[in-house]
Amino acid sequence: MTTRRRGRPRRTPAERAEQRERLVEAAMQTVRERGPDISMDHLARGAGVSKPVLYSEFGDKRGVADAIAVTLARSLEARAAADLAGRAMGIPSVVRATISALVDLIDTEPELYAFIVRSIRTGDRGLLDNGLVQVIQERLAVLMALLLPGIDTVKLRALSDGLFGFGFAAVESWTSHRELSKDELIDALSVVVQGGIEAAGTLRD
């Protein structure tokens, strides 16, 4: 009688989450070192795993980019929250803290941002399908509901999507030319975005 060998025990949810976090962190570091045009082979080697492991966890390279985007979005959220700590909550402060955190993030992590953007442009998805934008949108939606009670949420969503596209395009233009200082860019973007949100506030249900 043969004895069946035991397979590898199933990982707990906590272990799976820890493994995913390790893979994302390794992918981020590899992109920083090798640039945004990196292959899945390089990502797997950087993480010390096989390509099937990456495919199983993320699906494809766009899945890796989405996971990195969510991690960066959380970092952005933490930066904005730290900036807002101890300050009066209002549209001007929320807008400026968010834009400042976004500009800082793109400026300090250019390779990661380029990796995320290229994953969007090589697929059939748009900017608004990206994890970085989606997490920011979700957080801002909660704040806008508090700051602008009674607003027409359908119209606000369409306008805020447009403002996001404008904001990202403006920051990308700035990173290419840098004709403004970072503070000048943040000030200019804050004025335009704040004005757009305040105008949207007149679109009551």
Side-chain angles (χ1 to χ4, degrees), residues 2-85 97-143 160-161 164-165 167-168 171-172 175:
T2 59
T3 302
R4 188 171 65 179
R5 296 177 60 185
R6 288 185 176 181
R8 185 176 180 178
R10 291 183 178 180
R11 291 178 296 167
T12 66
E15 289 171 335
R16 289 197 297 272
E18 184 179 350
Q19 166 77 351
R20 183 180 177 85
E21 184 176 346
R22 283 198 303 268
L23 292 175
V24 172
E25 288 297 330
M28 292 171 65
Q29 189 57 37
T30 306
V31 172
R32 290 184 183 113
E33 294 170 355
R34 303 190 68 99
D37 295 320
I38 196 167
S39 68
M40 286 292 277
D41 284 312
H42 289 134
L43 289 169
R45 283 200 291 271
V49 298
S50 65
K51 276 203 301 183
V53 170
L54 284 188
Y55 282 117
S56 175
E57 185 65 47
F58 301 107
D60 55 18
K61 193 157 73 169
R62 284 191 298 177
V64 177
D66 279 344
I68 291 175
V70 171
T71 298
L72 292 182
R74 290 171 180 159
S75 174
L76 184 149
E77 184 180 17
R79 293 186 192 200
D83 191 15
L84 287 168
T98 303
I99 290 175
S100 179
L102 177 62
V103 173
D104 283 342
L105 182 63
I106 294 174
D107 189 38
T108 57
E109 295 283 14
E111 301 293 347
L112 293 179
Y113 179 72
F115 179 71
I116 292 169
V117 170
R118 291 180 192 186
S119 77
I120 298 170
R121 291 173 178 165
T122 56
D124 57 357
R125 303 180 305 168
L127 172 68
L128 301 175
D129 297 315
N130 177 258
L132 178 59
V133 174
Q134 288 175 346
V135 171
I136 299 171
Q137 285 270 44
E138 289 171 4
R139 302 301 186 270
L140 283 180
V142 175
L143 286 171
S160 65
D161 285 349
F164 266 96
F168 276 96
V171 176
E172 283 197 30
T175 58

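- Pairing each heavy atom of H42 with each of I38, the nearest pair is CB-CG1, 3.3 Å.
- Contact record, R79 with L105: NH1-N, 3.4 Å, taken as the closest heavy-atom pair.
- Taken to the nearest 0.5 Å, the CD1 atom of I68 stands 9.0 Å off from the CD atom of E25.
- Side-chain contact check for V49 versus E57: every heavy-atom pair is 4.5 Å or farther apart.
- Distance check, rounded to the nearest 0.5 Å: CD1 of I116 to CD of E109 gives 9.0 Å.
- Annotation: the span from L23 atom CG to E18 atom CD amounts to 11.0 Å, rounded to 0.5 Å.
- D107 has its side chain out of reach of Y113: every pair of non-hydrogen atoms, C-beta onward, lies at least 4.5 Å apart.
- Rounding to the nearest 0.5 Å places CZ of R34 at 9.5 Å from CG of L43.
- The structure places CZ of F115 at 11.0 Å from CG of L72, a figure rounded to the nearest 0.5 Å.
- Using a distance-only test at 3.5 Å, with no hydrogens or angles considered, no donor-acceptor pair links the side chain of S75 to the main chain of T71.
- Considering all non-hydrogen atoms of both residues, L54 and M40 come closest at CB-CE, 3.8 Å.
- You'll find the side chain of I99 stays beyond 4.5 Å of the side chain of V171, heavy atoms only.
- In plain terms, the two heavy atoms of A26 and G46 that are nearest each other are CB-O, 4.1 Å.
- Here the shortest heavy-atom pairing between P36 and R118 reads CG-NH1, 3.4 Å.
- A distance of 10.0 Å separates CG in L112 from OG1 in T30, rounded to the nearest 0.5 Å.
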Could you go through the side-chain hydrogen bond (donor to acceptor under 3.5 Å, both in side chains) check for R22 and Q19 one step at a time?
CA-CA 5 Å; R22 283 198 303 268; Q19 166 77 351; 2.6 Å; yes
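- Across every non-hydrogen atom of A44 and S50, the tightest pair is CB-C, 4.0 Å.
- Proximity of D66 to F58: side-chain heavy atoms (C-beta onward) are nowhere separated by under 4.5 Å.
- In this model, a donor atom of one side chain and an acceptor atom of the other lie less than 3.5 Å apart for R32 and Q29.
- Around the CD atom of E21, the shell of radius 6.0 Å holds no more than 12 heavy atoms that belong to other residues, nucleotides or ligands.
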